[in-house]
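Every heavy atom of this structure was used, including side-chain atoms; hydrogens, water molecules and symmetry mates were not. Every chain is numbered from 1 and lettered A, B, ... according to where its sequence line falls, protein lines coming before strand lines.
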Protein chains: 2
Amino acid sequence: MSRRAINFNAGPAALPLPALERARDELLDIGGTGMSILEHSHRGKTYEAVHDEALSLARSLLGVPDTHEVLLLQGGASQQFAMVPMNLMAGRRADYVLTGAWGEKAYAEARIVGETRLACSTKNEAGSYTRVPRAGEWSVDPQAAYVHITTNETIHGVQWHALPETGPVPLVCDASSDVLSRPIDVSRIGLLYAGAQKNLGPAGVVLVVVRKDLLARCPGSVPVIFRYATHAEHRSLYNTAPTFGIYLLRNVLAWVAAEGGAEGMARRNVRKAEALYGVIDEHAGFYRCPIERDSRSWMNVVFRLPDEKLEAQFIAQAREQADIVGLQGHRSVGGIRVSMYNAIEPAQVDVLVDFMRQFVRRHG
Amino acid sequence: MSRRAINFNAGPAALPLPALERARDELLDIGGTGMSILEHSHRGKTYEAVHDEALSLARSLLGVPDTHEVLLLQGGASQQFAMVPMNLMAGRRADYVLTGAWGEKAYAEARIVGETRLACSTKNEAGSYTRVPRAGEWSVDPQAAYVHITTNETIHGVQWHALPETGPVPLVCDASSDVLSRPIDVSRIGLLYAGAQKNLGPAGVVLVVVRKDLLARCPGSVPVIFRYATHAEHRSLYNTAPTFGIYLLRNVLAWVAAEGGAEGMARRNVRKAEALYGVIDEHAGFYRCPIERDSRSWMNVVFRLPDEKLEAQFIAQAREQADIVGLQGHRSVGGIRVSMYNAIEPAQVDVLVDFMRQFVRRHG
């Protein structure tokens with residue numbers, strides 16, 4: 001077996017090895033057809049079986065009820081920042097709750113499309129985000145078209161650990177970086193979207209789960225390609241699907257199913273989060289996590305060292321001594337970021353934790 | 001080596017074997033990094049080198065002058081049907097020339113976005129298309145925002161073999177199915193777009209070449225993600241790129257370069273087209289190509305047999321006797337369609353031609 005780096009990239013990110021091996025083994029010939037999955041028609045039996053399996057695995061693993069559609073689209077979450085208001089505003093104002101940089105981007109795009117309200121922002125005086133809103137800190141406009149939240153902020157490391165109550169107003173979740181990391185109650189969500197490149201597969205595929213009754217909201221002035229209803233009617237095959245991306249997403253979802261589904265992922269992810277936040281808190285004078293305890297992300301753990309020189313040494317030595325990559329914090333915030341999506345093995349986090357203990361002994 | 005079917009699929013379609021083998025060989029570990037290209041950050045050195053090579057190969061192989069940008073986007077040509085008018089209409093009317101089903105789709109989407117004019121349609125009384133416009137049959141509105149054509153119609157098998165003169169009005173080309181099949185003069189084109197899944201790589205990537213002065217036309221009411229200028233400013237890395245798709249496109253373009261570039265592809269494609277149209281014309285009483293000679297596509301050769309029963313036998317026997325797949329005409333038109341994009345080897349067309357000679361001897 002080839003060497004595997006310990007890859008804490010924020011996305012595109014580590015993928016489960018069995019999903020990649022399967023792709024490699026059948027890359028030139030899938031199912032004895034004499035053709036790569038990349039060469040099969042999106043309207044042919046071989047690809048359609050993969051497509052249907054991807055959709056049905058997504059539905060079962062996420063626990064999507066019959067009231068909701070599951071779509072596999074292109075353009076990433078950034079395209080959803082525009083498609084959500086184009087499809088769901090229907091002339092009404094939308095509420096946005098900001099807990100980090102991605103929420104800001106979604107909000108900025110929505111403001112171009114229609115009327116919005118900043119329902120809540122937890123940005124602090126230092127210009128950063130360290131928490132989700134506290135109970136009673138904000139309220140939903142009952143006339144709002146929808147309320148948008150970012151369930152996990154990859155740059156700031158802030159995560160909602162319980163979905164907010166929004167009453168009859170549809171809740172829209174950008175769940176790009178924590179989808180399928182644990183069970184959620186999809187029946188409480190109006191629309192969920194997630195770029196695949198963290199927990200679901202490769203970049204270039206985006207998952208959308210949308211309540212069926214919301215599909216009719218889209219005005220006729222929106223191009224057909226940007227209407228969720230178009231893709232729902234055509235089982236996400238209105239136009240040529242990103243076939244290899246969906247194939248690989250299928251491989252990843254099959255791995256998730258084999259590992260116990262959303263519950264299995266939650267067990268892995270809790271274990272990893274406890275180990276990593278554990279070592280940070282154990283050495284709180286050296287490693288400093290700026291995120292309030294209840295908002296700490298299981299997926300993206302951000303922390304600082306006493307100074308930037310030590311941070312640079314930390315990153316370099318982790319690479320040299322333990323083959324660990326991807327620790328650099330986002331350029332906008334600096335520091336260290338450990339992204340540990342579903343594919344990261346608990347044993348890989350243990351290697352990092354051991355390295356952190358050694359590092360603090362040498363430099364603390 | 002594994003068996004390779006002779007794959008005449010219309011897209012997604014056959015890919016060059018060396019491009020696939022390269023992907024397979026490094027799927028788990030690219031460049032000794034211990035990671036798949038699928039797991040590398042789109043902001044990291046390993047992927048950025050691939051990305052830059054893909055862009056620069058596209059520029060050199062297509063002969064794109066400095067006056068034009070090269071973009072790699074998502075959403076397929078179908079998304080371009082909307083993005084072109086959103087970016088380029090700027091309150092003016094656009095001219096559309098229809099020579100097949102894809103032009104109809106582009107036109108329908110543009111009519112949702114703004115004002116259009118059907119500058120010309122070659123649809124005949126039977127509701128089909130068999131040619132591009134004749135000289136003098138149509139003219140450009142000199143006030144038009146742009147003129148849109150489909151350089152090759154995959155369903156109808158109709159191809160423009162010379163770009164029309166549009167004077168100062170920018171020419172917009174949907175070149176999804178014949179891009180890079182031969183040299184073209186990009187300086188004469190305002191905007192060219194092409195889904196990758198025929199001549200360039202896998203589904204899920206779309207190439208856009210756009211004249212730089214047209215980027216400023218896009219109104220501020222268009223979401224940032226849908227503006228060509230956004231992607232031009234960010235070297236197609238505004239948001240997470242479909243990294244594996246672009247990686248594979250790079251592999252395909254490297255193969256095109258090794259095979260002599262656009263000129264090399266033209267030589268292959270002429271040879272294939274002459275062989276296939278040759279056998280059709282040789283047995284014109286049995287095989288009937290409905291397309292007028294000057295408009296016959298080099299990429300998608302459509303023809304009929306004396307009846308549908310024979311067509312079904314033709315498709316079944318080609319598969320059984322020669323491992324040939326993908327011959328079924330599009331469901332909207334029926335008959336036989338042979339899609340032979342760049343990756344199809346002349347020797348594979350020779351196998352089909354031999355089969356066609358045998359078939360006519362048995363059934364003619």
Side-chain angles (χ1 to χ4, degrees), chain A residues 2-5 7 9-15 17 20-21 23-24 27-29 33-36 38-44 47 74-79 81-82 86 108-109 112-113 195 197 202-205 220-226 238-245 248 323 325-326, chain B residues 2-5 7 9-15 17 20-21 23-24 27-29 32-36 38-42 44 47 74-79 81-82 86 108-109 112-113 195 197 202-205 220-226 238-245 248 323 325-326:
Chain A
S2 62
R3 166 192 147 239
R4 290 279 285 167
N7 174 4
N9 274 335
L15 290 166
L17 187 59
L20 288 173
E21 287 173 334
R24 179 201 55 192
L27 197 74
L28 294 193
D29 185 355
T33 59
M35 292 154 56
S36 172
L38 285 148
E39 302 177 300
H40 274 275
S41 170
H42 61 300
R43 309 269 180 222
Y47 176 71
Q74 297 185 56
S78 294
Q79 184 160 323
F81 297 165
M86 286 162 77
E109 196 75 299
I112 293 174
V113 176
Q197 67 268 21
V205 182
S221 57
V222 170
V224 173
I225 191 75
F226 297 135
Y238 168 70
N239 61 326
T240 310
T243 53
F244 185 79
L248 200 62
D323 208 6
V325 300
Chain B
S2 61
R3 167 192 147 239
R4 292 277 285 167
N7 173 6
N9 274 333
L15 290 165
L17 187 59
L20 289 173
E21 287 174 334
R24 178 201 57 194
L27 197 75
L28 294 192
D29 185 355
T33 59
M35 294 154 57
S36 173
L38 286 149
E39 302 177 299
H40 274 275
S41 170
H42 61 300
Y47 175 70
Q74 297 185 55
S78 294
Q79 183 161 323
F81 297 165
M86 288 162 76
E109 196 74 300
I112 293 174
V113 176
Q197 66 269 19
V205 182
S221 57
V222 170
V224 173
I225 190 75
F226 296 135
Y238 169 70
N239 61 327
T240 311
T243 54
F244 185 79
L248 200 62
D323 208 6
V325 300

Discussion item. Quick check against the 3.5 Å criterion: does B:N239 have a side-chain atom that pairs as donor or acceptor with the backbone of A:G76?
Written reply: no
Worksheet item: Is it the backbone or the side chain of A:H42 that comes under 4.5 Å from a heavy atom of chain B, or both, or neither?
Response: both
Discussion item. Would you compute the distance between atom CE of A:M35 and atom CG of B:N9 and round it to the nearest 0.5 angstrom?
Written reply: 4.5 Å
Worksheet entry | chain B contact via A:A14 - side chain, backbone, both or neither, heavy atoms under 4.5 Å | both
Worksheet entry | Contact summary for B:L27 and A:L20, nearest pair of heavy atoms | CD2-O, 3.5 Å
Worksheet item: Which atoms of A:V224 come close to chain B, meaning under 4.5 Å heavy atom to heavy atom: side chain ones, backbone ones, both, or neither?
Response: both
Discussion item. I'd like to know which of A:A108, A:G204, A:P12 tops the heavy-atom pair count under 4.5 Å against chain B.
Written reply: A:P12
Worksheet item: Is it the side chain or the backbone of A:S78 that comes within 4.5 Å of chain B heavy atoms, both, or neither?
Response: both
Worksheet entry | Nearest-0.5 Å distance, CD1 of residue A:I112 to CZ of residue B:F226 | 11.0 Å
Worksheet, complete the sentence: Ranking B:G32, B:P202, B:A203, B:G195 by heavy-atom pairs under 4.5 Å to chain A gives rank one to B:A203
Worksheet item: With respect to chain A, which residue among B:S41, B:G220, B:S36, B:G11 yields the maximal number of heavy-atom pairs within a distance under 4.5 Å?
Response: B:S41
Worksheet item: Once you round to the nearest 0.5 Å, how far does OG1 of A:T33 lie from CZ of B:R4?
Response: 9.5 Å
Worksheet item: Tell me, side chain or backbone of A:V222 under 4.5 Å from chain B's heavy atoms, or both, or neither?
Response: backbone
Worksheet item: A:E109 side chain to B:P223 main-chain N or O, any donor-acceptor pair under 3.5 Å?
Response: no
Worksheet, complete the sentence: From the list B:Q197, B:E39, B:Q74, B:R24, the residue making the most non-hydrogen contacts under 4.5 Å with chain A is B:E39
